[in-house]
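The sequence lines fix the lettering, A, B, ..., with proteins before strands; numbering per chain opens at 1. Computed over heavy atoms, backbone and side chain alike; hydrogens, waters and symmetry mates excluded. These numbers come from a predicted model, not from an experiment.
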Amino acid sequence: MTVKESVRESAPVIVIRPKKGWWDIDWRSLWEYRELLYFFIWRDVKVRYKQTLIGAAWAIIQPFMTMVVFSLFFGKLAKIPSNGLPYPIFYYSALLPWTYFANSIQNATNTIVAHQNMIKKVYFPRLILPLSAVLSGLVDFAIAFSVLLGMMLFYGITPTWKLLLLPVLLTLATLTALGVGLWLSALNALYRDVRYATPFLIQLWLFASPVAYPASMVPERWQWLYWLNPMTAVIEGFRWALTGQGQPLNNLFFVSLCIVGLMLVLGLMFFHRMEGTIADVV
Amino acid sequence: MSDVVIRAEKLSKLYRIGQREKFTTLRDVIVRTFTAPFRRWFKNNQNEIVPNPQSPAPDNYIWALKDVSFEVKQGEVVGIIGRNGAGKSTLLKILARITEPTEGYAEVRGRVGSLLEVGTGFHPELTGRENIYLSGAVLGMKKREIDRKFDEIVAFAEMEKFIDTPVKYYSSGMYVRLAFAVAAHLDPEILLVDEVLAVGDAAFQKKCLGKMGDVAKEGRTVLFVSHNMAAIENLCSRAILLESGRIIGEGETKTIINLYLQSIMENIISTSLENVINRKGSGKIRLTHFYVEDSQGHQLKIIQSGQDVVFVLGFKCMENNIKNVNFGISINSLSGERLAVLYTSHTGQEFEKVPKKGEVRCYIPRFPFAPGRYQIRARVEVNGIEADFLREGVGYIDVEAGDFYGTGKLCDKGYAPFLIYGNWSIKSI
């Protein structure tokens with residue numbers, strides 16, 4: 001009571017207490033630290049290709065070489081159908097969101113451990129770490145995307161109004177990566193096994209998504225299960241938005257949306273439970 | 001003025017001690033990894049881990065802080081003292097929001113800064129300029145604020161020429177200067193200083209103390225944790241004494257320091273051993289007391305590693321004409337592991353003749369133990385036959401960080417029990 005009375009208007013009062021709920025996330029503090037989020041992303045982008053020979057070209061080489069390999073082995077040798085698209089376009093348009101997604105998860109997994117010295121010394125909303133890990137990959141995505149535009153020009157594919165859906169799909173991929181990344185980053189702080197398990201998880205997920213093959217190859221009766229994977233919607237959506245080929249977005253797309261929402265909420269809840277004491281265990 | 005800027009109400013923090021569960025098989029690892037959050041949740045629901053300060057800590061847990069309540073007013077400089085592990089650093093960590101309390105709450109008004117954040121957020125690949133912005137943002141500054149203070153920070157660090165050079169090419173001195181300049185311009189309303197954890201050389205620590213004094217003069221609030229009683233007495237108007245996570249004294253600095261010195265005095269040294277029953281040996285000689293003093297003969301309450309010390313054992317002969325006496329002292333970990341043994345016979349100094357009543361002194365130059373608490377045991381032999389041995393030891397000593405290597409730096413919390421001197425050199429082959 002006396003404290004309340006003597007509060008000066010200028011200085012905000014910080015209340016320190018143990019977390020009770022699963023959802024009393026301090027959004028205000030997160031908003032106050034929005035500039036730090038920007039600085040973290042800026043630093044990640046700036047530092048990522050420092051002391052490399054070819055620098056940001058890596059952002060292109062990674063999906064591009066995978067595209068070449070997939071086109072040769074899955075396309076020319078295994079003759080996997082590509083909905084009538086040239087193999088390079090078919091694979092590159094899928095590998096773009098996939099590479100972004102996979103790198104984001106890997107970065108998010110490591111981010112808490114990588115910043116443990118900071119976490120043990122200073123307060124800031126810990127949520128900023130996985131958030132910046134996921135968002136900073138968007139710059140690489142943009143670089144690699146410019147190559148896609150060149151390829152489409154080369155193959156004479158003209159984009160349509162469907163292109164407008166890309167930001168939505170990209171957001172979906174970002175939120176999925178964040179939902180998973182929140183779990184993995186906090187778990188990795190507790191058990192370093194997670195770091196080794198993550199590449200394996202990503203590999204499995206790759207085969208469970210229509211990257212190397214079209215979604216139409218999955219038997220009809222399993223389609224509902226297949227579309228529970230949000231990356232199915234993202235990748236099929238990408239192909240469709242860019243080329244007009246492949247599965248148009250149907251009801252199952254909205255199932256994916258719900259799944260992403262659920263993953264995100266669960267991720268936020270779990271991370272929120274962990275963040276208060278993560279400095280003690282990391 | 002009765003502006004309360006920090007108010008803590010029954011702050012408690014439960015820490016898990018010892019190792020985490022040991023995993024045996026890969027299957028366990030995977031299963032536990034994915035069930036850990038649920039187990040935690042279930043345990044919380046079933047109150048298996050009881051975060052309730054009224055109850056004693058469950059096995060493998062300790063209350064690093066328990067029911068700590070206090071208020072600090074605007075502009076006060078408050079010293080927090082207590083032995084290693086009393087909960088001082090934990091308290092600062094909670095107030096800095098690095099970790100949250102298990103129970104209780106605190107209200108803090110204004111921006112909180114601490115001098116242990118120096119260099120936090122620096123990235124070696126980035127230039128000085130970029131790091132000022134990054135580190136400033138990590139410490140909680142807004143970009144506008146950094147823009148405004150930028151020139152001042154650069155000038156303070158005397159870094160104009162190298163501001164666009166990546167900091168990985170900086171000398172360590174330049175690095176610390178720039179890092180400190182950023183931290184010093186945070187202008188926190190409340191400054192938390194943990195000297196125990198402070199890094200850097202003596203000059204830098206002095207700079208920290210100087211900055212603290214300035215901050216205090218500007219009417220800001222400071223919480224200062226230190227083992228340096230002189231510094232506490234100089235800087236603080238009030239002190240809080242912590243012991244095993246609780247506040248056991250609070251008030252005027254001088255009084256509290258005395259209380260602290262008294263409390264450690266009781267704990268260690270100079271207990272009379274004459275009435276101890278649990279002993280063995282022929283009883284020809286009896287040990288009567290034990291204490292530690294420095295090389296000038298002042299009785300010590302706490303030993304700093306690297307300090308020259310003298311272990312003193314008092315004894316009393318129960319028979320006449322006792323000859324050929326061998327005294328021994330061992331230093332043991334609290335778990336009972338013997339870490340070092342000293343016998344007069346080791347150095348060829350068995351005493352042919354001893355006085356009827358006296359003290360035997362063992363001079364140990366540059367005490368080579370890391371900070372912590374150790375148990376001292378002692379033994380006397382007459383003609384090779386055990387004369388007196390106290391099964392429960394003769395006392396405990398507390399060692400705190402000291403300048404073992406003579407570099408002017410505190411040797412921080414040891415990673416191993418012993419400190420040994422090593423002289424390094426390098427050559428090409």
Determine yes or no for a side-chain-to-main-chain donor-acceptor pair under 3.5 angstrom, with B:Glu107 supplying the side chain and A:Val13 the backbone.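 Absent.
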Notebook entry, point to check: Side chain of B:Lys93, backbone of A:Lys120: donor and acceptor closer than 3.5 Å?
Noted result: no
Notebook entry, point to check: Any side-chain heavy atom of B:Leu134 within less than 4.5 Å of one from A:Phe40?
Noted result: yes
From [atom1] ([X]) to [atom2] ([Y]), nearest 0.5 Å:
X	Y	atom1	atom2	value
B:Thr120	A:Phe124	OG1	CZ	9.5 Å
A:Arg17	B:Leu11	CZ	CG	10.5 Å
A:Tyr123	B:Leu139	OH	CG	14.0 Å
B:Leu95	A:Ile16	CG	CD1	5.5 Å

Checklist entry - Can we say A:Lys19 and B:Glu100 salt-bridge, meaning some charged N sits less than 4.0 Å from an Asp/Glu carboxylate O? => result yes
Is B:Ala106 in contact with chain A via its backbone, its side chain, both, or neither, using a 4.5 Å heavy-atom distance?
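Both the backbone and the side chain of B:Ala106 come within 4.5 Å of chain A.
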Query - Interchain contact, B:Glu9 with chain A, by part (heavy-atom threshold 4.5 Å) - result: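 Neither part, no heavy atoms under 4.5 Å.
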Mark yes when over 12 heavy atoms from residues, nucleotides or ligands other than A:Trp205 sit less than 6.0 Å from its CH2; otherwise mark no. yes
On a heavy-atom basis, the closest approach of B:Val138 and A:Val122 is O-CG1, 3.5 Å
Greatest number of heavy atom pairs closer than 4.5 Å to chain A - which of B:Gly121, B:Gly113, B:Ala8: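 Highest number of heavy-atom pairs under 4.5 Å: B:Gly121.
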